[in-house]
Amino acid sequence: MSATPRPISLAGLNPEQRQAVVHSDGALMIFAGAGTGKTRVITNRIGHLVTHRRVPAGRILAVTFTNKAAREMRERVDGLIPKREAVKGLTVSTFHSLCVRVLRDDGHHLGLPQNFSIFGESDQKGLIRGILTDLAVDMPPAQVLAAISLAKNRLITPEGYPEENADDSFIKSVYQRYQTLLAGMGAVDFDDLMLHAIRLFSTFGHVKVGWQRRFPHILVDEFQDTNQAQYTLLRQLWDGSGSLAVVGDDDQAIYAWRGAEADMFARFAEDFPKARKVVLTQNYRSTSRILAAAGGVIEKIPGRAEKRLWSQLGDGPKIGLIVGTDADDEATRVVEDLNVACFAGRHELTDFAILIRTNAQSRPFEAALRQAHIPYVVVGATGFFDRAEIRDLTGYLRFLNNDADEAALRRIINVPRRGIGAQGMAAAARYAADHSVPLFDAMDRAVAAPDTVPGVSGGARAGFAQFIDLTAQLRFDFERGDMVAALHRLIEQAGLKEYWQDTADTPRQGELRLEGALELARMLARYVQRAQEPTLTDFLSHLSLLDRLEDDKDSKGRVTIITLHAAKGLEFPNVYLAGMEEGFLPHTRSVEENRDVAEERRLTYVGITRAQRRLVLSHAQSRSRYGERLKRTPSRFLDDIPRHLIATPDDEPEGTNQELAANFFSSVKNLFD
DNA sequence: TTTCTGGGCCTACAT
DNA sequence: GGCCCAGAAA
């Protein structure tokens, strides 16, 4: 037993923050405007529970939006409580990670195998594409998938899916079939993680009670972006003993398209009428001008609950406005400004972020930064896991973990080339469907007894045989021995290394692929070292649940390019909000679909409030798309920012000429020191 | 006949 | 980078 740690000090907190931290049992809502010290409140609340109220850390669950946020929160709690042991057993995780844990432990009650696969977006699309092909319907899989995903986030089962019109009935039938296929493969998709956990808790009371007892104290970050499924899970998980604290900012709700409800706080207040309310309004991040600009944009939302943020950080510089003739010009001007500001203000490159609406916007900025020899990171763009070699390797790992995982099997069956094509696979699939056996069994039979599976050519049969031998050997390697060594053998001996080199466009690309593969091997090695009981299943879960924010390079000494959605929760001294024009903010899709532009307004608000000191808005007068030149108009939200906050060409930049000159000479001098 | 290869097209926001 | 289609290659 560890000695009781010394109670943490609450001296640095303002009165509202302190209320939120020391609130005892029951429901608690914390309205935390941008930059008002939300994470501080959560971590201090955890610290307070542990050190003042002697709650064992293992009884506390903190739910965050991303794994990255979870890791940061854990680190901050560690920093708060010097006695490490006191926080041992604390659970900080995302909803999805928590559900994986629940389902690995207790999913067998639902008939879910312990080694179930987790399907990502491309697996889902592949599955849907297959169904649509079977039904001879020509339709983009993404559209059907979006409908299914939205239904799941709203807790609508295939049986409960509406049949009001032909479209609904069609989606319903695809949805039903999709779920059957997933179940047959021992697989769940991302949304299912939530749904299955909910079903598990509602069907098996004793399982629910077990988890409830485990976490009497629950804290939820970014509560405004919780969807119906997540909220339901939360309500199942909390039995009313202990405390349930939800923290968030309805002005920063930007995930309605993912099934988050318009006003989660209102729902919470209805469900827990006795909930204590705390509102945090003192902003510790931004200058008054930035807050005024943000306020101008957000205040226009009809029916919004007014809360005025204030700060003591002074006016700061005026807000910059950069207008480019086209996307490249916008980027060039932004980078020029960034260069000067970095130099004049004696900033680090880390202090700068370029915020974009869509990933496609990053290209011109990357080009301009490269041209200026300024290092940068694009956060969460084409992720590590989208790379061909990584998908090949994880395909193998997934198949070895669960040989019913058809998506993985199809990915790797002809990698490296084994002479198996569409015809061979179609023949095997036909047999599998006719005889209700898994696809892999059909392949196995085609090899063992060639005549039983019609339509498989000699070449394909030889390929199947080769694949079966290889995976049998690999499975043995992974189950018996050192997983890291087994992965290296897979890369070296299964022909993948040669395959990646041979199919690369340039030798350099081949090298990069091998490096990518070795990076995955290092990730496995790190996992094996850290985990108490390393398993392939568990490692794969970790990989599936990694968020796109996590695989980014260290941003030290680099400018950050990041989407508005991914930037939520972050802050930078200098922020460029790019593409402030109709089409991006608000996005064309939100206008076309006649959706509420309020969410676009909130997204702009999120962008503005990332800035600590200097904010620059930029837009382009035209953009070319598919060779076409499109004229662009400035965003309507620009009109909502009070004119006097925006710098005119006559205004002095942050650094005066003298300062500029002084900095120049001192940096030249540094070169010689 | 089946697999392989090259070129055109397209791509919100993401756990 | 993936998908789809057309034509080359085995």
Side-chain angles (χ1 to χ4, degrees), chain A residues 63-70 93-100 118-122 124-126 129 133 138 140-142 145-146 149 152-153 189-194 222 225-227 229-230 253-260 355-363 379-383 385-391 411 413-414 416-427 455-460 463 502-503 505 509 513 541 544-550 562-568 579 583-593 595 599-600 602-603 606-607 625-627:
Chain A
V63 184
T64 59
F65 202 66
T66 64
N67 286 301
K68 192 183 176 195
S93 92
T94 63
F95 277 111
H96 291 88
S97 303
L98 179 70
C99 288
V100 168
I118 301 170
F119 273 26
E121 202 182 316
S122 64
Q124 294 176 285
K125 275 190 190 149
R129 188 174 296 115
T133 310
D138 188 28
L145 188 58
S149 179
K152 287 186 174 184
N153 288 333
D189 68 20
F190 262 93
D191 304 317
D192 283 339
L193 291 172
M194 307 293 311
E222 306 284 10
D225 288 324
T226 303
N227 65 34
Q230 291 163 333
I254 54 175
Y255 282 99
W257 55 273
R258 225 168 68 181
L355 269 45
I356 51 182
R357 177 66 211 274
T358 69
N359 282 307
Q361 273 171 275
S362 76
R363 270 172 188 280
V379 175
T382 17
F385 296 96
D386 289 335
R387 294 170 59 165
E389 71 277 13
I390 301 306
R391 299 179 58 145
R411 167 92 205 171
I413 187 65
N414 204 32
R417 304 253 132 91
R418 277 181 272 264
I420 301 166
Q423 297 300 320
M425 286 306 280
V456 177
S457 68
D502 295 346
T503 55
D505 294 330
Q509 192 189 20
R513 285 180 176 175
S541 298
S544 326
L545 293 169
L546 281 180
D547 39 59
R548 299 174 83 149
L549 310 182
E550 272 189 306
I562 189 169
T563 64
L564 287 166
H565 283 89
K568 193 179 69 166
F584 283 141
L585 290 165
H587 196 277
T588 321
R589 289 265 287 255
S590 72
V591 180
E592 273 171 7
E593 287 164 16
R595 262 210 329 253
E599 179 146 318
E600 301 291 308
R602 289 192 292 266
L603 199 51
V606 167
R625 222 167 107 145
Y626 317 128

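Model, not experiment: these values are computed from the prediction. FYI, side chains are in, hydrogens and waters are out, and symmetry mates aren't considered; it's all heavy atoms of this structure. Proteins get letters first, then strands, A, B, ... in listed order; numbering begins at 1 in each.
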Are OP1 or OP2 of [N] and a side-chain N or O of [X] less than 4.0 angstrom apart?
| X | N | value |
| --- | --- | --- |
| A:R411 | C:dG2 | yes |
| A:N153 | B:dT15 | no |
| A:R129 | C:dC3 | yes |
| A:R363 | B:dT11 | no |
| A:N227 | B:dT15 | no |
| A:N359 | B:dC13 | yes |

Earlier contact from the 5' end, DNA chain B, for A:S457 and A:T563 | A:S457
DNA chain B nearest-nucleotide lookup for A:R418 and A:Y255: closer to the 5′ end is A:R418
[X] has an atom [atom1]; how far is it from atom [atom2] of [N], in whole Å?
| X | N | atom1 | atom2 | value |
| --- | --- | --- | --- | --- |
| A:F95 | B:dA14 | CZ | C1' | 16 Å |
| A:I562 | B:dC13 | CD1 | P | 13 Å |
| A:H587 | B:dT11 | NE2 | P | 11 Å |
| A:D502 | B:dG6 | CG | P | 12 Å |
| A:R602 | B:dC13 | CZ | P | 19 Å |
| A:E599 | B:dA12 | CD | C1' | 12 Å |
| A:F584 | B:dA12 | CZ | P | 11 Å |
| A:E121 | B:dC13 | CD | C1' | 11 Å |

Same-atom distance (C1') from C:dC4 to B:dA12, integer angstrom = 23 Å
Please state the P separation for the pair C:dC5 and B:dT11 - nearest whole angstrom.
-> 16 Å
Got a second to check how far [X]'s [atom1] is from [Y]'s [atom2], nearest 0.5 Å?
| X | Y | atom1 | atom2 | value |
| --- | --- | --- | --- | --- |
| A:D189 | A:I118 | CG | CD1 | 10.0 Å |
| A:H96 | A:D191 | NE2 | CG | 6.0 Å |
| A:H565 | A:D225 | NE2 | CG | 8.0 Å |

Base, sugar-phosphate, or nothing: which does [X] touch, judged by heavy atoms less than 4.0 Å apart?
| X | result |
| --- | --- |
| A:D191 | nothing |
| A:Q509 | sugar-phosphate |
| A:A422 | sugar-phosphate |
| A:G424 | sugar-phosphate |

Answer yes or no for this row: A:H565 ring on B:dA14 base, centroids under 5.5 Å, planes under 30°.
-> no
If only atom types and distance count, is the side chain of A:E599 paired as donor or acceptor with the main-chain N or O of A:A256 below 3.5 Å?
-> yes
Backbone N/O of A:F584 and side chain of A:R357: donor-acceptor pair under 3.5 Å = yes
Ignoring the backbone of [X], work out which of [options] is nearest its side chain.
| X | options | answer |
| --- | --- | --- |
| A:F190 | B:dT2, B:dT15, C:dG2 | B:dT15 |
| A:R357 | B:dA12, B:dA14, B:dT2 | B:dA12 |
| A:R417 | B:dT15, B:dA12, B:dT5 | B:dT5 |
| A:E600 | B:dT2, B:dA12, C:dG2 | B:dA12 |
| A:Q423 | B:dT2, B:dA12, C:dG1 | B:dT2 |

A:F119 and A:F190: aromatic ring centres closer than 6.0 Å?
->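 No - the distance between ring centres of A:F119 and A:F190 does not fall below the 6.0 Å cut-off.
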Got a sec, which residues hit salt bridge (Lys or Arg N to Asp or Glu O under 4.0 Å) with A:E222, two or more places apart in sequence or on another chain?
->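 Applying salt bridge (Lys or Arg N to Asp or Glu O under 4.0 Å) to A:E222 gives A:K38, A:K568.
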